[in-house]
Amino acid sequence: MKLKNQFFYTLRQEAADEDSVSSNLLVRAGMIKKSSSGVYMFLPLGLRVLKKIEDIVREEMINAGSQELLMPSLIHEEIYEKSGRAAAFGPSIFKLNDRYERPYVLGPTHEELFAIAAKMKVNSYKDLPFNIFQFQNKFRDEPRPRFGLIRVREFIMKDAYSFDKDMEGLDESYSKMFEAYKNVFDRLGINYVIVKADTGAMGGHLSEEFQAVCDIGEDILVMCDNCDYASNLEVAEVVSENSEKGVEVEIEEIHTPNAKTIGELEEFLGIHGENFLKTLVYKVDGELIAFVLPGDRQANEVKIGKMFNALTVELPEPEEIEQGTNGVVGYMGPIDLGIKVVADTSVINNKNMITGANKKDYHIKNVSVPRDVKYAMSGDISNIKEGDKCPNCGGNIVFKKGVEVGNTFKLGTKYSKALDLTYAAADNTLHPVVMGSYGIGIGRTMAAVVEQSNDESGIVWPMNIAPYKVYIVVIKNTDEAQMEAADKLYSELNALGIDCILDDRKERAGVKFKDAELIGIPIRVTVGRGISEGKVELKKRTGGDMEEVAVTDIVAKIQEIVKNA
RNA sequence: CGAGGUGUGGCUCAGUUUGGUAGAGCACUACGUUCGGGACGUAGGGGCCGGAGGUUCAAAUCCUCUCACCUCGACCA
């Protein structure tokens with residue numbers, strides 16, 4: 001591309017309405033522009049990056065045996081009713097009516113449509129397995145879009161779906177996709193980890209997430225400092241030592257005025273958090289249930305939801321709790337609370353604990369869980385903490401933050417059953433098809449790369465996905481020798497398939513250098529006064545010194561850098 | 001959905017308290033000087049101040065309603 005008369009601009013100042021490094025740089029580089037909250041335009045330069053990421057993903061998907069197709073965005077709401085996901089997605093789903101008031105949605109994800117499409121093809125076990133994918137815009141009405149392309153309401157996702165006759169087949173299809181995903185993120189040069197995750201609204205048996213490690217990540221990655229254990233916080237198992245703690249003594253009431261939180265109690269009594277029983281009331285599918293866990297741990301709503309196979313787990317309003325239980329908010333305790341109590345596994349043997357007295361300004365001490373707490377169920381309902389023991393090897397748990405750029409689900413038969421996608425086995429009996437689904441957020445991946453790869457001058461694109469590989473700066477566009485040499489280099493590189501920008505604008509050199517750096521082009525060639533001696537200058541975006549290179553060698557040199565990148 | 005904040009030229013912002021003919025920097029145009037790391041000078045162009053009502057002789061400024069965006073929380077594949 002020759003810059004003159006192209007849709008190309010850069011901004012010198014940060015955008016007022018962007019909140020992350022990546023979104024600011026992408027906006028300043030003229031690659032994207034916010035259109036409304038959580039909705040972005042992709043401008044020419046940004047679109048090139050997006051397409052390059054798509055190309056890599058597409059290549060790996062096809063290599064893994066998947067076929068590309070394209071589904072609509074506009075979908076009858078009915079099919080999400082059938083699968084039960086209209087409720088699961090709730091208000092995140094964009095809804096609209098057609099002129100006859102028939103309800104439609106803008107597809108938030110496409111398991112249903114793919115299952116329906118698969119019915120066209122699948123009759124017999126001989127029709128399985130197969131795998132199909134698409135790049136398509138998804139719509140999710142996020143309560144709070146943020147971080148530029150990272151959490152948006154309309155986004156391009158590559159979604160693939162596998163169809164198998166049984167779990168063994170799914171395992172095989174799944175591992176093919178899993179390998180393809182590793183190839184994709186390796187080629188993109190992303191620093192990522194793969195973690196076990198919650199299946200959430202997707203349902204199914206297993207979910208793993210590909211998480212780009214970076215500080216603005218909204219997911220907490222639970223890692224072990226000793227082995228390769230990696231999990232999303234949502235599902236990381238807490239290994240309870242289950243040891244007995246303390247001796248049994250008579251319960252005693254203690255006066256604790258205005259000490260409502262564990263923190264306040266710790267200060268008031270001078271006792272550490274783990275000696276308290278924290279009692280939280282959640283509304284699980286509408287029912288108030290109390291959860292008892294150690295004072296120094298956070299409740300895990302995903303685990304709670306799973307325990308009850310619930311659609312919603314929410315914290316009720318304080319008034320609602322006090323109406324529905326015998327407790328007083330701030331002084332809640334599990335004894336005689338009047339509702340179902342669930343105990344975290346780690347507390348069921350504890351004695352000599354402090355908990356709320358269900359009475360304003362009072363707590364009770366010497367509570368023995370086995371003796372005093374009548375719990376209906378127990379299980380792992382808390383979040384793992386840094387410093388906890390690794391469930392795998394006993395090493396120490398550490399946290400990192402991640403952006404989920406890809407995920408893989410073993411769906412099983414959830415959608416095939418709901419939508420009646422069945423096949424005839426060899427014995428002529430009907431069985432539901434076993435499905436898997438596999439997503440990669442293309443725009444989010446683009447943002448994650450920028451988030452991980454930038455410096456004070458701007459973006460640093462990896463060679464693979466840079467919008468252009470070479471940026472040719474012509475110092476003086478009125479100098480014929482310079483223009484001629486630059487033009488020649490430009491056409492030679494293009495002929496070799498090395499896409500480049502020729503900056504032929506009437507700008508001062510400094511402006512061109514700054515722009516080249518801001519938009520992150522990996523190689524910069526400067527054609528300037530050295531041309532009289534047959535020399536140009538070469539500089540890599542990733543650093544290193546500027547190098548003088550003979551015009552006759554420059555193409556070969558660039559080819560080499562591109563090849564070795 | 002709760003709390004708070006912001007909407008003024010393409011961009012980043014001042015002006016609003018105390019009503020009186022719309023400003024700055026960057027960007028843009030012309031000319032001159034400069035010319036290898038976001039140049040300088042001079043002269044210009046461009047905004048009915050998010051929108052709708054209202055108060056007033058007079059509203060960017062005060063009042064009411066509304067829309068959009070942002071932050072924190074709730075929520076979130």
Side-chain angles (χ1 to χ4, degrees), chain A residues 7 9-20 23-24 27-28 30 33-39 80 85 88-93 107-111 138-148 150-153 155 157 159 197-204 207-211 218-219 232 234-235 283 301-302 305 311-317 403-409 411 437-441 444 456-458 473-479 482 503 505-519 524-531 535-537 539 546 548:
Chain A
F7 189 91
Y9 68 84
T10 55
L11 301 175
R12 298 187 180 196
Q13 272 152 320
E14 300 220 321
D17 59 351
E18 292 296 345
D19 59 348
S20 63
S23 57
N24 254 300
V27 168
R28 285 187 51 211
K33 172 67 193 157
K34 188 180 295 193
S35 151
S36 67
S37 180
V39 183
Y80 291 94
R85 287 213 293 180
F89 273 104
S92 309
I93 205 157
T109 173
H110 283 74
E111 279 75 11
K138 305 284 187 253
F139 299 84
R140 296 182 193 179
D141 196 357
E142 292 288 343
R144 193 133 96 83
R146 48 184 155 171
F147 305 140
I150 287 182
R151 184 161 293 275
V152 285
R153 301 196 296 172
F155 58 99
M157 183 190 253
D159 46 328
D198 178 38
T199 49
M202 294 298 167
S207 164
E208 289 172 287
E209 294 171 341
F210 288 70
Q211 294 271 0
E218 297 177 278
D219 291 316
N232 195 306
E234 293 175 338
V235 296
K283 202 156 76 172
E301 296 178 13
V302 169
L311 271 175
T312 60
V313 176
E314 50 194 353
L315 280 172
E317 295 299 317
V403 170
E404 179 190 345
V405 285
N407 58 23
T408 51
F409 293 92
L411 294 175
S437 86
Y438 316 90
I440 293 179
R444 183 183 272 189
E456 63 287 344
S457 304
V473 175
V474 183
I475 295 289
K476 206 171 177 182
N477 74 343
T478 51
D479 182 308
Q482 288 184 18
D503 193 344
R505 291 175 301 169
K506 187 175 186 270
E507 289 287 354
R508 296 162 64 87
V511 173
K512 298 181 180 182
F513 291 146
K514 292 282 185 195
D515 279 344
E517 279 155 13
L518 177 59
I519 68 174
R524 190 179 82 203
V525 177
T526 307
V527 182
R529 60 186 168 230
I531 201 67
K535 295 242 164 96
V536 294
E537 289 152 28
K539 185 161 185 329
M546 189 176 68
E548 279 215 315

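The structure displayed is predicted, hence computed values, not measured ones. Letters A, B, ... mirror the listed sequences (proteins, then strands); counts begin at 1.
In this entry the distance linking CZ of Arg28(A) with C1' of rU12(B) reads 12 Å, nearest Å. Rounded to whole Å, atom P of rA27(B) lies 18 Å from atom CD of Glu14(A). Rounding to whole angstrom units, CG of residue Asp198(A) and C1' of rC76(B) are separated by 12 Å. With rounding to whole Å, Lys539(A) atom NZ is found 14 Å from rG37(B) atom P. rU29(B) atom P lies 10 Å from atom NZ of Lys506(A), rounded to whole Å. Distance, Glu456(A) CD to rG37(B) C1': 14 Å, rounded to whole Å. Distance CD (Glu507(A)) to P (rC35(B)): 17 Å, rounded to an integer number of Å. As a whole-Å value, the separation of Arg508(A) CZ from rA27(B) C1' is 16 Å.
Checking rC69(B) for Watson-Crick or G-U wobble geometry (two distances, each under 3.5 Å) identifies rG5(B) as its partner. Across all strands shown, rG46(B) remains unpaired; no Watson-Crick or G-U wobble contact has both distances below 3.5 Å. A 3.5 Å limit on both hydrogen-bonding distances identifies rA52(B) as the Watson-Crick or G-U partner of rU64(B). With a cut-off of 3.5 Å on both pairing distances, rA74(B) has no Watson-Crick or G-U wobble partner at all. Across all strands shown, rG41(B) forms a Watson-Crick or G-U wobble pair, both distances under 3.5 Å, with rC31(B). Checking rA14(B) for Watson-Crick or G-U wobble geometry (two distances, each under 3.5 Å) identifies no partner in any strand. Across every strand in view, rA22(B) sits unpaired, with no contact that passes the Watson-Crick or G-U test at under 3.5 angstrom. Nucleotide rA58(B) forms no Watson-Crick or G-U wobble pair with any nucleotide shown, as no partner meets the under 3.5 Å limit on both distances.
Between rA22(B) and rG37(B), the distance separating the two P atoms is 43 Å to the nearest Å. Atom C1' of rG20(B) sits at a distance of 11 Å from the matching atom of rU61(B), rounded to the whole Å. Distance check on atom C1': rC40(B) versus rG23(B) gives 23 Å, rounded to whole Å. rU56(B) and rC63(B): their P atoms are spaced 16 Å apart (whole Å). The C1' atoms of rU71(B) and rU17(B) are separated by 24 Å, rounded to the nearest whole Å. Taking the C1' atom of each, rU6(B) and rU12(B) are spaced 14 Å apart, rounded to whole Å. Between the C1' atoms of rU55(B) and rU64(B), the separation comes to 11 Å (whole Å). Nucleotides rG7(B) and rU66(B), compared at atom C1', are 14 Å apart to the nearest Å.
No option in Thr408(A), Val403(A), Asn407(A) other than Thr408(A) meets the side-chain contact (heavy atoms from CB on, under 4.5 Å) test with Phe210(A). Tested against Asn477(A) for a side-chain contact (heavy atoms from CB on, under 4.5 Å), the candidates Gln482(A), Arg505(A), Glu507(A), Lys506(A) yield a single pass: Lys506(A).
Contact annotation for Ser207(A): no contact, since no heavy-atom pair falls under 4.0 Å across all strands. Using a 4.0 Å heavy-atom cutoff across all strands shown, Gly441(A) reaches no nucleic acid atom at all. Using a 4.0 Å heavy-atom cutoff across all strands shown, Glu314(A) reaches no nucleic acid atom at all. Using a 4.0 Å heavy-atom cutoff across all strands shown, Lys476(A) reaches no nucleic acid atom at all. Backbone-only engagement by Ser37(A) is indicated by non-hydrogen atom pairs under 4.0 Å involving sugar-phosphate atoms exclusively. At the heavy-atom level, Arg153(A) lies nowhere under 4.0 Å from the strands shown. Within the nucleic acid shown, Asp515(A) comes within 4.0 Å of at least one base atom, counting heavy atoms only.
The Glu142(A) side chain lies nearest to rC76(B) when the options are rC69(B), rG38(B), rC76(B). Among rC75(B), rC11(B), rC69(B), the nucleotide with an atom closest to any side-chain atom of Gln13(A) is rC11(B). Of all nucleotides listed (rC13(B), rA39(B), rG37(B)), rA39(B) comes nearest to the side chain of Val511(A). Each of rG37(B), rC26(B), rC72(B) was ranked by its minimum atom distance to the side chain of Arg524(A); first place goes to rG37(B).
Projected onto RNA chain B by closest heavy-atom contact, Glu209(A) and Asp17(A) fall at different nucleotides, the more 5' of which corresponds to Asp17(A). Position along RNA chain B of the nearest nucleotide to Gly510(A) versus Lys34(A) favours Gly510(A) as the more 5'-ward residue.
The residues Glu517(A) and Arg524(A) are annotated as salt-bridged, a charged nitrogen and a carboxylate oxygen being separated by less than 4.0 angstrom.
For a distance-only test at 3.5 Å, the side chain of Glu517(A) qualifies as a donor-acceptor partner of the base of rG37(B).
The shortest side-chain heavy-atom distance between Lys34(A) and Ser23(A) does not fall under the 4.5 Å cut-off. Side-chain atoms of Gln211(A) and Asn232(A), non-hydrogen and from C-beta on, do get closer than 4.5 Å to each other. Arg444(A) has its side chain out of reach of Met157(A): every pair of non-hydrogen atoms, C-beta onward, lies at least 4.5 Å apart.
Side-chain atoms of Asp159(A) do not come within 3.5 Å of backbone N or O of Gly439(A) as any donor-acceptor pair. Asn24(A) places a side-chain N or O within donor-acceptor distance of the main-chain N or O of Ala15(A), the cut-off being under 3.5 Å.
For Arg144(A), no side-chain nitrogen or oxygen approaches OP1 or OP2 of rC1(B) to under 4.0 Å. Here Arg12(A) does not reach the OP1 or OP2 of rC11(B): none of its side-chain N or O atoms lies under 4.0 Å away.
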